[in-house]
Protein chains: 2
Amino acid sequence: MTDATLPEQIALKLRRDILRGTLAPGDPIKERDNALDLGVSRTPLREAVRILAKEGLVLLRPSRSPVVADPSLKEVRDAVVVLQALETLSGELACREASDAEIAEIRALFERHHALSETAEGDALIELFEVDMAFHTAIARASHNPALAETHAAYLARMWRQRYLSAVQRRARERVRSQHENIVLGLEARDPARVGAEINAHLAALINNLTRLFEAREAGRDTTSNERDIE
Amino acid sequence: MTDATLPEQIALKLRRDILRGTLAPGDPIKERDNALDLGVSRTPLREAVRILAKEGLVLLRPSRSPVVADPSLKEVRDAVVVLQALETLSGELACREASDAEIAEIRALFERHHALSETAEGDALIELFEVDMAFHTAIARASHNPALAETHAAYLARMWRQRYLSAVQRRARERVRSQHENIVLGLEARDPARVGAEINAHLAALINNLTRLFEAREAGRDTTSNERDIE
DNA sequence: CAATCGCATCTGGTATACCAAAAATCTGTT
DNA sequence: AACAGATTTTTGGTATACCAGATGCGATTG
């Protein structure tokens, strides 16, 4: 018996497919076909789809195939604003609640992210990005508020794809590194105001970055230097 | 016209049962029995349980009956802290985004709540409370950030029962009224700092209130523990 | 030739039957 | 009488069969 329940496993697989682009935004997810493809029955696949729907990755429509979500700029921005509030709160609480070991772990993730960010190319970018996610998730967990950590993780997952596109850009890496470092320093000093301000700034920059990305995508395919073609 | 899907309807019924106390915390929710009781099959009931699980009202355990959640004081407090952040953000955004009509609606809810709070007794307390919920929900919606409103609503629902127990108390009503009024005034002045501070204070008071309630309940539980053992 | 009506089919929603794991109980032994 | 093991029963997990509604295509008619 595996730790993860079957619907969770299916959800995980579908999530990766969605976020990597194998399942393009707008694609319908037909219960029967996908169930057959994965060799499972419709029931657990159905549950998996519900999980993804709750995460905001797929859209449920009454009496219609669920479709992979294709969030507008406003929707992404709205979500990041919430994420900003959640993560700022996490950081402030972590200053009070986190153990030294947890803060050390956060620093370790920062260092690893930094190292990877200098060399990573191609497929390694996914690892780079997963370390990035782990960094932010670790902060949320360090708040010692499970509900907060869970909601934070949900928002993070919801924007996996957008954040991925953003994190891949070379131009943003130096800024990200410096902001991450400031966050870590703030945590080590256990200075809530500083950590809060740094996280706020970090996510505000993310919003700008995503906005630019969206506008570039709207404009056309000419700007291929940073944006990798997924579809 | 199936505005409400069957699982949603079931979830609604179970939610009311849980929050009104018909289904006591710790009670198992057995798929078969409940499905038979409600005259539906296990499949939609199963989905309903998942919905409630995502809302935090029931706890899912691997290979075990889901049980009605019985949150500890820390869990409730953690959730309120998140709610505080979400609602504060809502209020601040609402100052910028809300239409005059929306703010007027919020004021109307405040007036209605105030009026009810002077007279309500017995069953009318539920209406009083629902107006209270509507007031806070309206603020979240006035942020014009659907994701935020949705998450906020989820947290509100999760703590329906705790908030209900708190809101029923006579002693807190005057404080609640004055804080609600300050929030409305802040919104009408479109002063984010003021609204944020007032909402923060309001929910901080809620935390205190809930803490007191929990301590009272713990004391009461000890005296009745013998009866429970005898059955 | 186009528009519309109807039928075939595809899709999700629901019910039910089957399976495997876990809990409780009962029995046999010490 | 107490403890351990096995069996039975209860439970959730999964697969599948059935149903109703929506959709798209095609034929027929104006």
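First the proteins, then the strands, lettered A, B, ... as listed; each starts at 1.
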Geometric cation-pi criterion B/R158 and B/Y155, 6.0 Å radius, 45° cone: yes
Whole angstrom value for the distance that separates P of D/dT11 from CG of B/L45: 14 Å
Heavy-atom donor-acceptor pair, A/T211 side chain to A/I207 backbone, under 3.5 Å: yes
Side chain to side chain donor-acceptor pair (under 3.5 Å) against B/E127, all qualifying residues, sequence neighbours excluded: B/R112
Footprint string (nucleotides 9-19 of chain C, 5' to 3'): B base within contact, S backbone only, - free, heavy atoms under 4.0 Å: --BBBBBBBB-
Whether A/H180 and A/H113 hold their rings parallel, tilted or perpendicular, with breakpoints at 30° and 60°: tilted
Distance flag, aromatic centroids of B/H152 and B/H136, threshold under 6.0 Å: no
